[in-house]
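One structure below.
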Amino acid sequence: MEKENKQIAQVIDLNKCIGCQTCTVSCKQLWTDDKGMEHMWWNIVNSMPGKGTPKDWEKMGGGWKDGNLIYGKLPSKQDFGEAWEFNFNEVHYEGNKNKAQLKPIGNRPNWGPNWDEEQGAGEFPNGYYFNLPRMCNHCTKPACLAACPTKAIYKRDNDGVVLIDDTLCKGTKMCQMACPYKRIYFNDERNIAQKCIACFPRLEKSVAPACVRQCPGRARHFGYLQDENSQVHQLVYKWKVALPLHPDFNTEPNVFYIPPTLPKTLNEDGTINENNPRIPLSYLKSLFGEDVEKALITIEEEKTKIGNSELIDLLISRKWHDMFKPFHQDPI
Amino acid sequence: MIESTDNPATDLSDFDKDRRNFCISCAKYSLGIAVATSFPLKLLAETTSPFAPYKYTPLKSSFENDYRNKWSWDDVTLGTHNLNCWFQQNCLFYVYKKDGKITREEQVGNYPQTNEKVPDFNPRGCQKGCSYSDFMYSEARITHPLKRSGERGEGKWEKISWDEALTGIADKMIKAIDENGTKSVVVDPGGNIVNYLSFYSLFRFFDFLDSTILDINCELGDDQQGAAVTYGEISNDRSGDDYFYSDLIFIWGGNPAYTQIPNFHFLTEARYNGTKIVAISPDLNASAIKADYYIPVKPGTDSALANSMAHLIISEKLYNEHLLKEQTDLTFLVRTDNNKLLKQSDVRKDGSELVLYRWDKKEKKLEIPSQSSLKLDTDPALEGEFNIKTYQGIVTVKPVFEFLKEQLKEFTPEKASKICGVAPDTIRKLTTMLVSSKAATNTCTSNFSKFYHGDIIMRSQILAFILAGHLGKKGDGFVTCSFLVADGGNKILNEFELTKDLRYKYLFKYGTPFWLNFFERKDWNQATYKYVLDTFVDSRFMANSTLFWNLHGGISDISERTNEWDPHLKRDIKEYINEMKAKEWQVIDPPLNTDPKVYFSWAGNALRRVRGSQKLLTTLWPKFDLVVALEMRMSSTATHADYILPVSGAYEKTTVMAANTNTLSPFFHTTQKAVENIGESKDEWEIACLLAKKIKERAKHLKIVNFKTARNNTRKFTEMYNKLTSSAGEKESELISKKMTEDSSNLGGISWDKLKEKGYTRFTELGKNPASFGNACDIKKGETISPHTWHTEKKEVWTTLTGRIQFYIDHDWYLELNEQLPIHKNPPTAGGDYPFTLTGGHARWSIHSIMRTDPGLLRLQRGEPFVLISVKDAEKHLLNDDDEIKIFNDVDYFFSRVKISATVQPGQLIMYHGWESYQFKGGKSARNVMASPLNPIEMVGDYPYLKPVMAVRQPGQSDRDTRVEIEKV
């Protein structure tokens with residue numbers, strides 16, 4: 001391993017994510033509670049298949065193609081979902097009896113950050129969806145960094161965290177166009193772009209990011225990608241069961257996913273179909289690339305070696321701290 | 001061309017500006033454009049490291065410091081949120097304070113790993129807890145006493161002082177008690193009495209006043225009636241890490257991905273470890289997508305599935321004979337002439353009604369099963385027919401098992417399939433899986449308690465598991481509900497006036513040895529009969545809330561139509577109610593000849609919770625001279641109050657968790673006061689003491705010093721304050737938690753100071769609170785907790801009439817309704833014979849209604865309530881996503897938006913719970929259509945163990961069979 005140039009990475013186990021959004025809320029409580037940030041959800045969990053956050057982000061474009069930087073669509077605040085305000089006073093204190101309904105002030109919203117939660121695809125009883133946590137991937141080839149005309153975006157040596165220096169940002173929104181994952185938000189109050197900072201102040205104190213540490217589903221592994229002893233390294237490189245999302249965007253994201261296996265489907269006559277996976281493999285490939293097929297096979301094979309599989313022990317992780325060493329210090 | 005990284009530009013060059021404008025206009029037309037230069041290739045060629053092109057250090061690091069400063073605090077305390085999250089409960093947080101305010105909270109995550117084999121419990125917590133600090137400062141919070149200045153529910157309020165509020169309340173209370181008796185004051189202790197401060201305050205306050213304290217557990221649908229009558233006890237659950245020992249886990253009817261967020265990882269980990277997870281549910285819910293098998297079932301028909309599994313196990317002789325003989329009543333003898341259990345009083349003139357029989361196969365004679373041990377020294381018959389000589393002649397008997405066989409004979413998978421929609425071969429597969437698993441279990445759920453026939457559904461589930469041989473081992477056995485309570489709370493009994501009134505009565509009746517044995521669980525079965533037989537109804541300690549809402553509150557207008565919906569009732573529901581009343585099987589307070597006059601909503605939200613609550617507003621509310629709500633926010637109930645008293649939040653007071661601590665996560669927590677009460681809010685104890693003080697003052701002023709209890713004992717209003725504060729002054733609420741902790745025998749003797757330092761401690765044994773007894777197991781260091789081992793290993797009897805797991809119940813009403821054995825009955829067409837079933841579940845986004853209106857969390861949903869509907873039904877009704885529909889039946893209607901999902905079963909609608917009435921159009925909520933028929937089986941009394949006790953074996957409400965139709969608006 002090179003002497004610095006360390007890269008922090010996450011592996012999110014989609015078999016464990018239950019869509020509770022505790023990661024989402026934890027991030028919000030910690031970072032995005034200032035003015036101009038009300039609509040920001042640096043981390044969000046999307047039901048997939050679904051239009052996600054922002055709406056239809058997968059079709060908006062960005063990233064790299066044949067070595068060229070692509071500027072995709074600029075997502076609007078509405079696409080992300082606005083921070084609805086509620087009419088508490090009208091409902092409770094203005095003598096309106098039953099006539100006022102507590103709901104978002106203004107026109108009925110038609111999108112929100114988690115609007116299509118659990119809608120899924122397919123036909124009952126064989127419908128399907130799974131939960132996909134998404135945040136800045138702190139890419140190895142960040143399109144946002146390349147796109148910024150004021151050089152406000154940089155990638156740190158010591159941990160590979162990609163940051164937008166808000167003293168340099170001039171609000172051009174090029175990064176928002178270039179990021180194919182559309183995880184960059186815009187702060188109208190300060191006229192700057194903002195996004196996940198990988199909780200770098202916590203990393204500097206060997207405390208795992210909030211989304212990692214506060215996940216009650218224990219779905220997130222975290223560590224230095226190059227560290228052969230880290231779980232993330234083993235899951236990504238040794239076992240190859242942790243895959244990037246949309247490798248076709250070519251930014252080399254450093255958040256990886258263990259692909260989900262849903263329950264067996266049912267035949268027309270209600271008997272169980274042991275063979276057909278509920279999530280079409282083609283869909284998983286469209287998200288994670290061709291390697292997802294082998295990843296699923298590896299997991300199934302290792303599961304049969306009950307009590308005798310290093311991979312399964314990793315995926316179980318009996319000791320919670322092991323999932324994010326050396327970032328297991330207490331956050332106090 | 002990207003410039004060299006050595007000179008970061010701060011101004012845009014002209015080239016860049018043009019390019020930027022070009023890019024923006026392209027982006028507007030949704031065209032991705034490629035930058036002309038090939039960005040990374042040139043630079044990549046010059047370096048060996050893939051990171052080099054991106055490396056630079058900003059000249060100023062001030063922006064980084066801003067973020068470093070943001071993650072900082074002045075002080076950290078420990079705590080949790082004291083809410084009734086039950087199965088999810090027990091999560092220790094670091095609570096961060098900065099500049100006098102709580103900024104955020106984060107899980108501590110230092111629960112111990114029980115042993116090396118199993119995953120540890122960390123980190124616990126959920127999205128609701130992780131945003132509590134948001135909620136405590138939100139605009140929804142009420143921070144001053146309020147008095148209504150318009151009509152009830154009009155929405156006109158004025159801020160008043162505490163003194164003014166307490167004076168107004170005290171005056172009305174004193175007058176109501178003086179003119180209408182003590183029982184005319186009614187308190188609804190909602191779910192939040194799990195916070196011990198709340199619990200203690202409420203019970204001490206209203207005990208002194210001899211008020212009607214409603215028992216809401218069965219009403220809200222947590223009664224676990226099936227377990228109550230079969231296991232005898234409702235609380236029995238394994239620890240989260242014990243699930244790791246199961247090789248088959250059923251998520252049958254519940255949704256732990258929503259309701260057991262911090263425990264769910266134990267299931268996903270077990271799945272990796274080779275455990276098979278089977279989810280049985282009408283819809284492909286958030287838990288089902290994590291299973292190995294998803295089995296859709298028609299709502300409310302799970303008893304058909306379970307019964308056909310039982311049929312298969314019996315007809316193919318796959319049952320564990322020894323288990324059945326040792327642990328169940330399937331060997332007990334039943335008379336073929338009247339279907340009643342053969343009693344000693346049938347056989348001998350002076351015989352006991354409580355002594356029952358089995359048939360000793362070897363000796364070919366009657367044997368009396370021991371009521372002190374399950375140990376089998378004989379071989380009792382499961383099958384056969386025997387003629388018994390009695391003093392009244394020959395009586396023919398058969399073991400219960402014969403009746404069960406007969407009843408299940410025709411209940412084939414083919415027959416069940418037509419009812420529940422599960423394919424016959426799938427039923428066979430499930431049965432094979434269940435029978436061949438070494439350790440099979442399920443996740444606890446309160447779901448079936450909210451179905452009309454929930455009791456026979458659960459009885460059938462238990463039957464299937466027992467027949468398949470699963471009970472009382474690591475990872476093995478059917479579990480129903482989780483309670484593990486710190487028994488220091490028992491001492492509150494010593495402080496009750498009620499105890500003093502009844503002491504001599506019960507001491508005389510039983511003597512101290514009885515009580516010592518009771519709490520030590522000796523002679524447990526006999527002790528239980530006596531306790532159950534005499535104490536609860538007799539003491540009138542608490543009154544059943546379902547009957548209160550029905551008989552005083554007008555909901556009987558709806559529920560008396562039960563006969564329209566349940567075709568199996570042999571008589572009019574009113575007749576059942578009248579018989580129950582005449583025989584005093586349940587506690588109804590105030591007595592029906594007295595109107596309730598004063599209503600306190602304390603830690604609950606009845607108008608949100610009670611099915612058919614719209615009736616309460618028209619029938620019950622006008623009866624009240626006074627309605628007081630202790631609240632943190634404007635709940636549905638507070639909206640209709642006269643006074644709202646602001647209660648302090650979780651981090652504003654020191655407390656411990658009282659009830660609903662559980663084996664699932666066997667840790668006892670404390671929360672430390674971190675900040676001063678927000679606004680003028682006060683903790684529950686201070687409110688109780690100040691109100692008692694005001695009552696003392698106003699009683700003197702009004703010259704109404706004495707009052708008479710329902711038992712005709714005289715008490716003095718003027719003594720109330722002194723009595724309450726003898727344990728702790730109004731500003732000394734911490735003493736209450738300290739005492740509870742240090743009085744507990746099952747916390748390993750931890751001191752209060754040590755508990756505060758650690759934030760929690762692990763339970764060391766079940767202790768002496770009867771709520772915990774059903775677990776019937778040891779708690780050992782280094783071992784996971786597996787319930788029922790006292791029965792399977794120590795051969796301790798069960799707390800039923802038979803002393804066994806009781807499948808046969810020969811109470812007259814059970815026989816009348818043909819429910820003496822677990823059976824399948826179709827769900828009632830509650831609300832009318834309409835095509836949709838409106839099912840429900842507990843919400844992911846709130847603990848009941850507490851965070852239902854939290855803006856931060858609402859933004860992660862759709863801002864207002866919605867009903868989930870299947871793709872097929874949406875198409876049929878020409879509905880688009882988020883359209884508004886009217887949902888109606890014979891009872892009422894409401895409006896809601898729809899959310900279309902591929903996970904919903906056609907014919908099913910799902911509305912998750914907790915929405916406030918004012919989140920719906922016109923204040924008409926989903927509860928308006930809930931017919932909540934009354935099931936007479938839940939009213940039963942006069943049967944050795946089938947009598948109500950606290951929280952159990954009382955009539956409840958149900959809603960998940962509600963039938964509705966929809967129309968687009």
Side-chain angles (χ1 to χ4, degrees), chain A residues 5 15-16 18 20-22 25-26 29 61 67-74 84 86 88 91-92 95-98 101-104 114 118-122 125 127 145-146 149 151 154-155 157 165-167 172 177 201 216-218 262-264 269-271 306 312 315-316 318 320 331-332, chain B residues 8 12 16 20 23 27 30 32-35 38-39 41 49 51 54-56 58 63 67-68 71 76 104 106 119-120 122 125-127 130-131 139 154-156 257 261-262 264-265 268-269 272 274 289 291 293-294 296 423 425-426 634 855 859-860 863-864 901-903 918-919 921-923:
Chain A
N5 294 328
N15 289 302
K16 289 189 176 176
I18 52 174
C20 64
Q21 308 272 8
T22 302
V25 161
S26 302
Q29 290 289 100
N68 298 319
L69 181 62
I70 311 286
Y71 289 88
K73 181 168 188 261
L74 178 67
W84 315 317
F86 291 84
F88 284 102
V91 172
H92 297 315
N96 284 313
K97 217 176 176 210
N98 286 337
Q101 181 188 355
L102 186 78
K103 54 187 177 156
N114 191 24
E118 294 182 5
Q119 292 191 284
L145 188 158
K151 302 275 174 303
Y154 63 103
K155 188 173 173 73
D157 277 345
D165 183 340
D166 57 29
T167 63
T172 68
M177 289 187 250
R218 292 161 71 122
L262 259 48
K264 310 278 183 217
D269 61 359
T271 54
I306 296 196
I312 296 299
L315 293 171
I316 293 173
R318 288 164 175 78
W320 180 58
I332 45 168
Chain B
L12 290 177
D16 287 323
R20 175 198 172 200
C23 291
S30 299
I33 68 142
V35 174
S38 329
F39 163 61
L41 296 179
S49 161
F51 303 100
Y54 306 89
K55 154 191 144 152
Y56 84 93
F63 123 85
Y67 279 109
R68 290 187 188 102
W71 186 56
V76 186
R104 58 182 282 272
E106 177 165 350
D120 67 41
N122 298 307
C126 70
Q127 85 283 48
C130 289
S131 59
E139 67 180 300
E154 195 180 345
K156 289 197 174 136
I261 290 172
F264 205 89
H265 69 87
T268 52
E269 288 146 2
Y272 273 125
I289 56 159
Y293 299 100
Y294 161 61
D425 278 346
T426 302
M634 191 61 80
R859 288 173 189 150
L860 289 170
E864 34 174 295
S901 173
T903 64
Y918 52 78
Q919 292 179 286
K921 203 183 216 170

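Numbers restart at 1 for each chain; the letters A, B, ... are given by sequence-line order, proteins then strands.
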> Where does Ile316(A) contact chain B at under 4.5 Å (heavy atoms): side chain, backbone, both or neither?
Replying inline: both

> If we only count heavy atoms from C-beta on, is the Leu860(B) to Val25(A) side-chain gap below 4.5 Å?
Replying inline: yes

> Can you name the nearest heavy-atom pair linking Gly120(A) to Ala902(B), along with the distance?
Replying inline: C-CB, 4.2 Å

> Tyr294(B) versus Pro125(A): any side-chain heavy-atom pair under 4.5 Å?
Replying inline: yes

>> Tell me if a side-chain donor or acceptor on Gln101(A) pairs with a main-chain N or O of Gln919(B) at a distance below 3.5 Å.
In response: yes

> Non-hydrogen atoms of chain B under 4.5 Å away: do they reach the side chain of Asp166(A), the backbone, both or neither?
Replying inline: both

>> Give me the atom names and distance for the closest heavy-atom approach of Cys130(B) to Thr22(A).
In response: SG-CG2, 3.7 Å

>> Please identify, among Gln29(A), Lys264(A), Gln21(A), the residue contributing the most non-hydrogen atom pairs under 4.5 Å to chain B.
In response: Gln29(A)

> Checking Glu139(B) against chain A: side chain, backbone, both or neither under 4.5 Å from a heavy atom?
Replying inline: side chain

> What part of Phe264(B) is in contact with chain A, defined as an atom under 4.5 angstrom from a non-hydrogen atom: side chain, backbone, both or neither?
Replying inline: side chain

> Under a 4.5 Å cut-off applied to non-hydrogen side-chain atoms, are Ile332(A) and Val76(B) in contact?
Replying inline: yes

> Got a sec, which residues hit ring pair (Phe, Tyr, Trp, His ring centres under 6.0 Å) with Phe86(A), two or more places apart in sequence or on another chain?
Replying inline: none

>> Looking only at heavy atoms and a cut-off of under 4.5 Å, which of Lys156(B), Lys921(B), Glu154(B) has the most pairs with chain A?
In response: Glu154(B)

> Do the side chain of Thr426(B) and the main chain of Gly270(A) share a donor and acceptor less than 3.5 angstrom apart?
Replying inline: yes

> Sequence neighbours excluded, which residues qualify as side chain to side chain donor-acceptor pair (under 3.5 Å) partners of Ser26(A)?
Replying inline: Gln214(A)

>> Could you report the tightest heavy-atom contact between Pro855(B) and Phe88(A), atom names first, then the distance?
In response: CG-CE1, 3.8 Å

> At their closest point, which heavy atom of Ile261(B) faces which heavy atom of Pro216(A), and how far apart are they?
Replying inline: CG2-CG, 3.5 Å

> Which one of Asp269(A), Thr271(A), Ile312(A), Ile18(A) has the most heavy-atom pairs closer than 4.5 Å to chain B?
Replying inline: Ile18(A)

> Is there a donor-acceptor pair under 3.5 Å between the side chain of Arg859(B) and the backbone N or O of Trp84(A)?
Replying inline: yes

> Would you say His92(A) and Tyr918(B) make side-chain contact, with heavy atoms under 4.5 Å?
Replying inline: yes

> Between the main-chain N or O of Cys20(A) and the side-chain N or O of Gln127(B), is there a donor-acceptor pair closer than 3.5 Å?
Replying inline: yes

> Below 4.5 Å, heavy atoms only, C-beta onward: do Tyr272(B) and Lys16(A) meet side chain to side chain?
Replying inline: yes

> Are side-chain heavy atoms of Pro119(B) and Arg218(A) found at a separation under 4.5 Å?
Replying inline: yes

> Among Ser131(B), Pro296(B), Gly923(B), which residue forms the greatest number of heavy-atom pairs with chain A at distances under 4.5 Å?
Replying inline: Ser131(B)

>> Looking at Asp120(B) and Trp320(A), would you say the former's side chain and the latter's main chain have a donor-acceptor pair under 3.5 Å?
In response: yes

> What is the minimum heavy-atom distance between Pro104(A) and Gly863(B), and which atoms define it?
Replying inline: CD-O, 3.8 Å

> Using a cut-off of under 4.5 Å for heavy-atom pairs, which of Leu102(A), Val91(A), Asn114(A), Leu262(A) has the most such pairs with chain B?
Replying inline: Leu102(A)

> In terms of heavy-atom pairs under 4.5 Å with chain B, which of Gly127(A), Gly95(A), Gly61(A) leads?
Replying inline: Gly95(A)

> Checking Asn15(A) against chain B: side chain, backbone, both or neither under 4.5 Å from a heavy atom?
Replying inline: both

> Between Gly217(A) and His265(B), which heavy-atom pair has the shortest distance, and what is it?
Replying inline: O-CB, 3.5 Å

